[in-house]
**Student:** 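Got a structure here, written out as structure tokens. Questions coming.
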Amino acid sequence: MTQIFDEQGNAIPVTVIEAGPCYVTQVKTLEKDGYRAVQLGFEEVHPRRLSKGERGHLTRKRIPALRHLREFRLRKDEDLKVGQRILVDVFQVGDRVDIVGTSKGRGFAGVVKRHGFRGGPKTHGQSDRLRAPGSIGSTTTPGRIWKGQRMAGRMGGVRVTAQNLRVELVDAERNLLAVRGSVPGANGGLVMVKQARKSRELARKPGE
Amino acid sequence: MNLIESLERQLEPNPNIPDMRPGDTVNVHARIIEGDKERIQVFKGIVIRVRKKGAGANFTVRRIAAHGIGVERTFPLYSPRLEKVEIVRRAHVRRANLYYLRGRRGKQARLREKRIL
């Protein structure tokens with residue numbers, strides 16, 4: 001993240017995203033697939049980096065070799081063609097977008113980090129209780145632990161959506177997009193930028 | 001290339017802000033917006049810290065206000081609200097962050113002037 005200044009001189013925290021150029025690699029239609037969507041590809045790579053199946057999927061449509069492929073649902077009034085290039089200019093400053101990414105993996109995390117438990121006291125004769133979960137259930141009744149009891153385990157590395165982020169900057173020259181606030185995932189991770197579900201607008205596409 | 005860096009390279013340094021160093025006594029002319037009115041406020045004090053990295057670069061100025069109360073203000077270096085900065089005096093200091101001034105008052109909080117030859 002970095003920050004930019006608006007006209008009033010307010011500092012705005014932003015995340016910079018490389019958005020595009022993306023290619024439409026496949027169009028899914030109501031007739032053929034039962035729903036409307038496009039598959040977008042991003043980041044050109046050497047064709048050798050792809051499997052033969054992936055290569056065939058793209059080169060048959062005269063699309064360069066792309067590292068990432070992701071599917072986006074289409075609205076009724078949206079129409080895209082295979083091979084079409086999509087650039088950041090589909091976004092405007094002020095648009096609201098949802099950003100989908102994979103959150104940073106936290107590994108096997110304890111209950112304090114993973115579920116926000118309070119842990120135990122640090123002092124007054126305590127030992128090994130600082131980050132302990134406490135009781136996980138009752139005694140003979142019910143004689144077992146309820147399903148869904150929150151415990152330690154793998155945390156992070158899951159799909160997360162950050163909703164309703166404001167587009168603060170669009171740089172068509174370098175295909176950069178800056179959105180207000182933070183975005184799921186590590187630096188350099190792949191994210192999908194869609195139009196926000198909980199407000200109205202247009203356009204959708206992934207970036208890095 | 002690093003995307004953030006490529007964006008930050010566009011930052012234009014304010015021509016009215018000279019190169020400041022810790023120990024400098026400065027007048028900072030900051031634009032203050034109150035409701036619909038705008039005015040310039042001057043904050044005079046000693047630069048105790050300069051952080052020069054990226055778009056979030058900033059510097060902290062310390063001054064002793066009324067009744068000997070120390071007041072510190074941190075200004076974003078690239079903020080358009082900074083009108084200008086004047087260096088009044090430069091001092092000889094031996095560290096980058098002059099936090100030790102916080103624990104000192106009066107004569108102890110003086111800094112030796114830098115000789116410019």
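Convention: sequence-line order gives letters A, B, ...; per-chain numbering from 1. All of these numbers come straight from a predicted model, not from anything done at the bench.
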**Student:** Check this for me: B/Arg51, atom CZ, are more than 12 non-hydrogen atoms of other residues, nucleotides or ligands nearer than 6.0 Å?
**Tutor:** no

**Student:** Under the ring-ring contact (aromatic ring centres under 6.0 Å, His included) test, which residues partner A/Tyr23, sequence neighbours left out?
**Tutor:** none

**Student:** What are the two closest heavy atoms between B/Ala55 and A/Phe5, and how far apart are they?
**Tutor:** O-CE1, 4.3 Å

**Student:** Any salt bridge (Lys or Arg N to Asp or Glu O under 4.0 Å) pairs touching residues 30-45 of chain B, not counting sequence neighbours?
**Tutor:** B/Arg31-B/Glu38, B/Arg31-B/Glu83, B/Glu34-B/Arg39

**Student:** Of the non-hydrogen atoms in A/Gly9 and B/Ser79, which two are nearest, and what is the gap between them?
**Tutor:** O-OG, 4.2 Å

**Student:** I'd like to know which of A/Asn187, A/Asn10, A/Asp6 tops the heavy-atom pair count under 4.5 Å against chain B.
**Tutor:** A/Asn10

**Student:** Kindly check if the number of other-residue, nucleotide or ligand heavy atoms within 6.0 Å of CZ (A/Arg49) is above 12?
**Tutor:** no

**Student:** So which part of B/Leu82 gets closer than 4.5 Å to some heavy atom of chain A, the side chain, the backbone, both or neither?
**Tutor:** neither

**Student:** Is the count of non-hydrogen atoms from other residues, nucleotides or ligands lying under 6.0 Å from B/Arg102 atom CZ greater than 12?
**Tutor:** yes

**Student:** Ignoring hydrogens, what is the shortest heavy-atom contact between A/Gln8 and B/Arg81? Give both atom names and the distance.
**Tutor:** O-NE, 2.8 Å

